[in-house]
Amino acid sequence: MKNCDCFSVIGGDIRQIYIANQLAEEGCKVLSLGFDDTHHFHPSVRHAHTVQEAVAESGCVILPMPLSDDSKTIWTPLSQKTFSLAEVFA
């Protein structure tokens, strides 16, 4: 089991941006996925391009509330892209 020294924040809204920034300010390694406009993020937050990239290094994954609006994809209102729930839970 990995420890939580790296967090992935996948999808969601301004609440997920806030938690990503808080973690980064505390010195944690943070990756984000599912946000088209990344200028609101702390400079140290890395932006992943795939679910696999986002979760590969992470000990903890932070997902949005609601998780999904169709039971198939992660809720990503701040992105044009979609990401499969199955990929995260694989």
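Scope of the values below: all heavy atoms of this structure, side chains included, with no hydrogens, waters or symmetry mates.
Applying the salt bridge (charged side-chain N to carboxylate O under 4.0 Å, His left out) definition to pairs two or more places apart or across chains, those involving residues 23-32 are K29-E57. For the salt bridge (charged side-chain N to carboxylate O under 4.0 Å, His left out) condition, the pairs that include at least one residue of residues 15-24, sequence neighbours left out, are D13-R15.
In the hydrophobic clustering, where aliphatic and aromatic side chains (Ile, Leu, Val, Met, Phe, Trp, Tyr) are joined below 4.5 Å either directly or transitively, I14 groups with F7, V9, I17, I19, L23, V30, F35, F41, V45, I62, L78.
Contact record, N21 with H40: ND2-O, 3.0 Å, taken as the closest heavy-atom pair. Minimum interatomic distance between I10 and P64 (heavy atoms only, all atoms of both residues): O-CD, 3.0 Å.
With sequence neighbours excluded, the residues satisfying side chain to side chain donor-acceptor pair (under 3.5 Å) with S44 are H42. Looking at residues two or more places apart in sequence or on another chain, you find no salt bridge (Lys or Arg N to Asp or Glu O under 4.0 Å) involving D69. Residues forming a side chain to side chain donor-acceptor pair (under 3.5 Å) with H39 (at least two apart in sequence, or on another chain): D37. By the side chain to side chain donor-acceptor pair (under 3.5 Å) test, S79 pairs with D36, sequence neighbours left out. Checked against side chain to side chain donor-acceptor pair (under 3.5 Å), T73 has the following partners two or more places apart in sequence or in another chain: D70.
When the side chains of ILVMFWY residues are joined at heavy-atom separations under 4.5 Å, either directly or via intervening members, W75 and V61 end up in two distinct hydrophobic clusters.
Interatomic distance, CG of L31 versus OG of S58, reported as 5.0 Å (0.5 Å rounding). Going from atom CZ of R46 over to atom CD of E53 covers 6.5 Å, rounded to the nearest 0.5 Å.
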Can you give me every donor-acceptor pair (side chain of residues 80-90, partner residue at least two apart or in another chain, under 3.5 Å) with its distance?
{"unit_1": "S84", "atom_1": "OG", "unit_2": "A86", "atom_2": "N", "d": "3.1"}
{"unit_1": "E87", "atom_1": "OE1", "unit_2": "S84", "atom_2": "N", "d": "3.4"}
{"unit_1": "E87", "atom_1": "OE2", "unit_2": "Q52", "atom_2": "NE2", "d": "3.0"}

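A heavy-atom distance below 4.5 Å is not found between the side chains of L33 and S8.
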